[in-house]
Protein chains: 2
Amino acid sequence: MEREIRQRTTQQLTVISAAIQRDHSHPSAEEIYSRVRKVLPHVSLGTVYRTLQRLVQEGKIQMLFLGERTARYDPTLAEHDHFICQRCGRVEDVWLGRNRQVNFAPLVKEGFTVLAHSVAIHGFCQPCGRR
Amino acid sequence: MEREIRQRTTQQLTVISAAIQRDHSHPSAEEIYSRVRKVLPHVSLGTVYRTLQRLVQEGKIQMLFLGERTARYDPTLAEHDHFICQRCGRVEDVWLGRNRQVNFAPLVKEGFTVLAHSVAIHGFCQPCGRR
DNA sequence: TTGCTTGCAAATTTTTTGCAAAAAC
DNA sequence: GTTTTTGCAAAAAATTTGCAAGCAA
């Protein structure tokens with residue numbers, strides 16, 4: 001029989017979770033770690049990774065790979081896209097609304113089951129573009 | 001003064017390049033390595049990485065990150081998208097044509113310079129979806 | 001011959017994991 | 001008191017790099 005795992009609310013979870021919730025810069029685990037350490041100086045990077053993993057599994061944040069091998073974390077769950085600056089590396093949320101449409105009917109007709117999708121846009125952000 | 005680097009056509013380059021050109025399964029460096037080794041048993045993984053990097057820089061192939069931290073390589077340069085199966089991990093090229101429209105005008109108006117974009121679609125491929 | 005490229009191994013970078021101690025419930 | 005979570009350190013996974021020797025031009 002499966003025993004239920006009762007998860008606990010630790011101080012680390014609270015702080016890490018809060019840190020990501022208000023950070024829309026798409027930070028990496030390392031960046032979150034350095035921010036969390038200002039509040040909990042003894043937190044370990046392993047705990048940050050485990051907690052991020054837990055939050056992803058609980059569907060509270062998403063993990064992104066945007067053209068590099070480092071994972072970034074995003075607290076925004078609503079359907080949106082990402083702009084990645086080729087010069088400074090900054091990632092911005094992009095809300096294209098009805099300026100962006102993808103009709104999956106042809107795929108579905110071929111037998112694919114579509115669950116989610118995302119658009120990654122590469123280029124130069126405002127400050128980088130004008131120099 | 002910049003001296004021009006005259007690149008050389010080695011056997012390794014030829015074999016690795018040919019291997020990717022005909023492989024549309026979006027292989028990782030490790031997978032390409034094991035295929036190339038059948039022809040050049042003494043090739044090293046480092047050479048595979050260096051050669052892939054060179055081909056990417058020369059614009060002959062593209063490097064993709066599709067929701068995981070391993071890079072995959074794609075010989076198809078024409079504008080297309082990718083379907084990633086959540087169950088088996090397979091990546092397929094997807095040609096949505098005019099069933100897919102992204103209008104960047106609002107972004108451009110905000111000062112972004114758009115150079116490229118891509119759509120990643122997640123779900124189940126045909127065999128995985130029907131089981 | 002010149003100097004780019006390779007193989008090998010060691011180093012880096014990013015993330016995961018084992019384990020005893022600490023914290024939550 | 002029991003079970004989950006943590007910190008630490010070591011391990012793993014993916015990629016890069018230094019260097020002497022090999023090979024292309």
Side-chain angles (χ1 to χ4, degrees), chain A residues 1-20 26-58 60-74 89 91, chain B residues 1-20 26-58 60-74 89 91:
Chain A
M1 184 101 128
E2 291 268 324
R3 194 172 45 72
E4 193 194 336
I5 292 172
R6 247 173 294 272
Q7 308 219 86
R8 291 168 189 189
T9 305
T10 62
Q11 210 175 150
Q12 286 85 338
L13 173 67
T14 308
V15 174
I16 293 169
S17 185
I20 313 162
H26 307 82
S28 64
E30 200 71 58
E31 284 161 348
I32 294 163
Y33 172 54
S34 84
R35 281 160 214 189
V36 168
R37 223 169 4 165
K38 289 175 187 158
V39 183
L40 301 174
H42 294 290
V43 75
S44 74
L45 187 53
T47 296
V48 171
Y49 272 107
R50 276 182 294 226
T51 305
L52 289 171
Q53 208 170 267
R54 172 172 166 184
L55 293 169
V56 169
Q57 269 155 13
E58 290 174 347
K60 293 185 180 147
I61 61 173
Q62 49 171 157
M63 188 191 221
L64 305 172
F65 287 90
L66 300 168
E68 52 184 24
R69 66 198 217 81
T70 317
R72 289 170 170 268
Y73 298 86
D74 189 342
V91 175
Chain B
M1 189 103 124
E2 291 269 324
R3 193 172 43 72
E4 192 193 337
I5 292 174
R6 247 172 295 271
Q7 309 220 88
R8 289 167 190 190
T9 304
T10 63
Q11 212 177 149
Q12 287 86 337
L13 173 67
T14 308
V15 175
I16 294 169
S17 185
I20 312 163
H26 307 81
S28 64
E30 200 71 56
E31 285 161 349
I32 294 164
Y33 173 53
S34 85
R35 281 159 214 189
V36 168
R37 226 172 358 168
K38 289 174 187 158
V39 183
L40 302 173
H42 293 290
V43 75
S44 73
L45 187 53
T47 296
V48 171
Y49 273 107
R50 274 182 295 227
T51 304
L52 289 171
Q53 208 170 265
R54 172 172 165 183
L55 293 169
V56 169
Q57 269 155 13
E58 289 173 347
K60 291 181 180 150
I61 62 174
Q62 49 169 157
M63 189 190 220
L64 304 173
F65 286 89
L66 299 169
E68 52 185 25
R69 70 182 145 304
T70 316
R72 289 168 170 269
Y73 297 86
D74 189 342
V91 175

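What you are looking at is a predicted structure, and each value in this text was computed from that prediction instead of being measured. Labels below follow one simple rule: chain letters A, B, ... track the order of the sequence lines, proteins then strands, and each chain is numbered from 1.
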Between [atom2] of [N] and [atom1] of [X], the distance in whole Å:
| X | N | atom1 | atom2 | result |
| --- | --- | --- | --- | --- |
| B:Leu55 | C:dT5 | CG | P | 12 Å |
| B:Ile32 | D:dT15 | CD1 | P | 10 Å |
| B:Glu31 | D:dA13 | CD | P | 15 Å |
| B:Glu68 | D:dA14 | CD | P | 9 Å |
| B:Leu52 | D:dA14 | CG | C1' | 13 Å |

* Asked: Between the two ends of the helix from C:dT1-D:dA25 to C:dC25-D:dG1, what is the bend in degrees, rounded to 10 degrees, where each end axis spans five pairs?
  -> 30°
* **Any donor-acceptor N or O pair under 3.5 Å, side chains A:Ser17, A:Thr14** => no
* Asked: Can you list every salt bridge (Lys or Arg N to Asp or Glu O under 4.0 Å) pair that touches residues 8-18 of chain B, not counting sequence neighbours?
  -> none
* To do: Kindly check if the number of other-residue, nucleotide or ligand heavy atoms within 6.0 Å of CD (B:Gln11) is above 12?
  => no
Would you indicate whether the side-chain heavy atoms of [Y] and [X] approach each other to under 4.5 Å?
| X | Y | answer |
| --- | --- | --- |
| A:Leu13 | A:Leu55 | yes |
| B:Ile61 | B:Asp74 | no |
| A:Glu58 | A:Gln7 | yes |
| B:His26 | B:Leu64 | yes |

* side chain to side chain contact (heavy atoms under 4.5 Å, CB included) partners of B:Val15, counting only residues at least two apart -> B:Val36, B:Val39, B:Leu40
* side chain to side chain contact (heavy atoms under 4.5 Å, CB included) involving A:Glu30 - partner list, sequence neighbours excluded -> A:Ser28, A:Tyr33, A:Leu45
* Sugar-phosphate means primed atoms, P, OP1 and OP2; the rest is base. With that split, encode nucleotides 14-19 of chain C 5' to 3' as B, S or - using protein heavy atoms under 4.0 Å. => SBBBB-
* Structure fact -> Of all heavy-atom pairs linking B:Gly67 and A:Phe65, the shortest is C-CD1, 3.4 Å
* Closest heavy-atom contact between B:Gly89 and B:Arg72? -> O-NH2, 3.5 Å
I'd like a table of atom pairs between the protein and nucleotides 20-25 of chain D - only N or O on both sides, under 3.5 Å - with the distance next to each one.
unit_1, atom_1, unit_2, atom_2, d
D:dA24, N3, B:Arg8, NH1, 2.9

